[in-house]
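Numbers for residues simply follow the sequence, beginning at 1. Every value quoted in this text rests on a predicted model; they were computed, and no experiment measured them.
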Amino acid sequence: MHFLDQAKIYVRSGEGGPGAVSFRREKYIEYGGPDGGNGGKGGDIVFECIAGLNTLIDFRYTQHFRAPRGSGGSGSNRTGAGGKDLVIRVPLGTQVLSEDKEEVLIDFTEVGQREVLFRGGDGGRGNASYKTSTNRTPRQHGTGWPFGEAWVWLRLKLLADAGLVGLPNAGKSTFINQVTNAQAKVGEYAFTTTRPQLGVVRHKQREFVVADIPGLIQGAAEGAGIGDRFLGHIERCRVLLHLVDANDADVAESYRIVRDELENYGEGLTDKKVIVALNKIDMLDPELIAALSAELAEASGAEVMAISGASGAGIEAVLDQLIEAIGPAPGAAKELEEGEVPVAWSPL
């Protein structure tokens, strides 16, 4: 399945149905009168967040969404049928933006979340509702209230607990293949990864999601390479794992290039917890590993973990650090403070 994280679509709710103009004409009934019913309500435009999707590719081929209008009213004070709501299903992490991308209209952060973007128009009044003591035979009726319509942008930001960052060929894809069931493409050329990858890590009875994004190069904020358009997928990560290739000519400079691009992008990425790892150490001797780690630690100001995504060396320790940085799983049992007595569970 192709990955698509942005799509522009047109949405329009249903127009309300017109009210009816009708009069009673029944044999043996002395007094007639108006009995036109109201029109039906138009369908709403509803967005629903569902599980099992991680791309907006469906919206490349279907870009216009129109909810049905309400049916017209009829005689005997019968109200017209309402138009069926049009439900648009989107992946978790989708944002609905205005056409100019300046305003976030809806942000989907939970599976099952449903939001009405445009409400359908109300039905028009039938002539029965216009009857008064001075107007016994009204012939006016409502035509139905108009719909809401707009072009909107859908933008997908993958929800992951940890995000992988680094230069191209830093070993991010190899790492995610080592620790998850993802099958990211691995190659010896820059930008082997051209779209974000997600994987689920299972470690020490914990599960968390890791996102691998295409590598950054100097000038990515200005559009160099693939640019920084995929950095939005790690905006909501709790921790970043910054991988640096031990075979780079200057590991400190490699670290600074990526950090500068994260700072240029903004959105608080440089304020997140960061674990720095020196990758691809399987072909290096211990002395060189120690020297490169010290150089990288001086540039980053953080403890450097030496790992190899290919051989698995140091992976367990990195996963331990990630779990600690991510924090307790949602719904995990709260640790009791000193002297606190556990309360027995009760459904009441």
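Checked against ring-ring contact (aromatic ring centres under 6.0 Å, His included), His141 has no partners two or more places apart in sequence or in another chain. Phe59 meets the ring-ring contact (aromatic ring centres under 6.0 Å, His included) test with Phe65; sequence neighbours excluded.
Judged by distance alone, the side chain of Asn127 and the main-chain N or O of Gly36 form a donor-acceptor pair under 3.5 Å. Here the side chain of Ser254 pairs no donor or acceptor atom with the backbone of Val244 at under 3.5 angstrom. A side-chain donor-acceptor contact under 3.5 Å links Arg78 to the backbone of Gly75. A donor-acceptor pair under 3.5 Å is formed between the side chain of Lys273 and the backbone N or O of Ala325. With hydrogens and angles disregarded, no donor-acceptor distance shorter than 3.5 Å links the side chain of Asn38 to the backbone of Gly123. A donor-acceptor pair under 3.5 Å is absent between the side-chain atoms of Arg66 and the main chain of Arg12, judged by distance alone.
Using a cutoff of 4.0 Å between basic side-chain nitrogens and carboxylate oxygens, Glu99 and Lys8 are scored as salt-bridged.
If you take CG on Asn169 and CG on Asp245, they are separated by 7.5 Å, rounding to the nearest 0.5 Å. Note that CG of Asp320 is 11.5 Å distant from CD1 of Ile315, once rounded to the nearest 0.5 Å. Once rounded to the nearest 0.5 Å, the distance linking NZ of Lys280 with OG1 of Thr174 reads 7.0 Å. The line from NE2 of His242 to CD1 of Ile275 is 13.0 Å long, rounded to the nearest 0.5 Å. Between atom CZ of residue Arg89 and atom CZ of residue Arg114 there is a gap of 7.5 Å, rounded to the nearest 0.5 Å. One finds the CG atom of Asn77 at 8.0 Å from the OG1 atom of Thr79 (value rounded to the nearest 0.5 Å).
Aromatic ring orientation, Trp151 versus Tyr10: tilted (interplanar angle from 30° to 60°).
Applying the 4.5 Å side-chain rule to ILVMFWY residues, one finds Val46, Val116 in the same cluster as Val87.
Summarising the geometry of Thr109 relative to Gln113, their closest heavy-atom pair is N-OE1, 3.1 Å, with the distance given to 0.1 Å. Nearest approach of Ser13 to Gly43, heavy atoms of both residues: CB-O, 3.4 Å. Here the shortest heavy-atom pairing between Cys237 and Lys272 reads O-NZ, 2.7 Å. Nearest heavy-atom pair, Leu292 versus Leu278, reported as atom, atom and distance to 0.1 Å: CB-CD2, 3.7 Å. The nearest pair of heavy atoms linking Asp35 to Arg24 is OD2-CG, 3.3 Å. Minimum heavy-atom separation, Leu269 to Leu240: O-CD1, 3.8 Å.
Both Leu243 and Ile326 are part of a single hydrophobic cluster, where members link through side-chain heavy atoms under 4.5 Å apart. Hydrophobic clustering (ILVMFWY, side-chain heavy atoms < 4.5 Å, transitive): Val104 and Leu117 are in distinct clusters. The hydrophobic clustering, which links ILVMFWY residues whose side-chain heavy atoms are closer than 4.5 Å, places Val90 and Trp153 apart. Following chains of ILVMFWY side-chain contacts shorter than 4.5 Å, one cannot reach Leu156 starting from Leu97, and the two form parts of different hydrophobic clusters. Val21 and Trp145 end up in different hydrophobic clusters when Ile, Leu, Val, Met, Phe, Trp and Tyr side chains are linked at under 4.5 Å.
Between Ile307 and Phe175, some side-chain heavy-atom pair lies under the 4.5 Å cut-off. Side chains of Asp212 and Ser173 form a contact here, defined as non-hydrogen atoms less than 4.5 Å apart. Two residues are said to be in side-chain contact when any heavy atoms from C-beta on lie closer than 4.5 Å; Pro91 and Leu56 meet this criterion. Between Leu322 and His203, every side-chain heavy-atom pair lies at or beyond the 4.5 Å cut-off. At least one side-chain heavy atom of Arg259 sits under 4.5 Å from a side-chain heavy atom of Val274.
Side chains of Ser308 and Asp282: a donor on one and an acceptor on the other come within 3.5 Å.
Checking Val11, Asp44, Ile45 one by one against Leu86, the side chain to side chain contact (heavy atoms under 4.5 Å, CB included) holds for a single residue, Ile45.
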* Asked: Given Phe147 and Arg69, is the side-chain contact (heavy atoms from CB on, under 4.5 Å) satisfied, shown in steps?
  -> CA-CA 9 Å; Phe147 46 78; Arg69 65 175 298 169; over 6 Å; no
* To do: Give the intermediate values and the outcome of side-chain contact (heavy atoms from CB on, under 4.5 Å) for residues Val239 and Asp161.
  => CA-CA 7 Å; Val239 59; Asp161 299 300; over 6 Å; no
* Apply the test side-chain contact (heavy atoms from CB on, under 4.5 Å) to residues Gln321 and Val318: give CA-CA distance (whole Å), side-chain angles for both, the deciding distance (0.1 Å), then the verdict. => CA-CA 5 Å; Gln321 290 269 8; Val318 169; 5.6 Å; no
* Please report the C-alpha distance between Glu253 and Arg256 in whole Å, then the side-chain angles of each, then the deciding distance to 0.1 Å, and finally whether the side-chain contact (heavy atoms from CB on, under 4.5 Å) criterion is met. => CA-CA 5 Å; Glu253 180 63 17; Arg256 282 191 289 266; 3.6 Å; yes
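Annotation for Glu48: atom CD counts as buried by contact number, over 12 foreign heavy atoms lying within 6.0 Å.
Under the 6.0 Å distance and 45° angle rule, Arg125 counts as a cation-pi partner of Tyr130.
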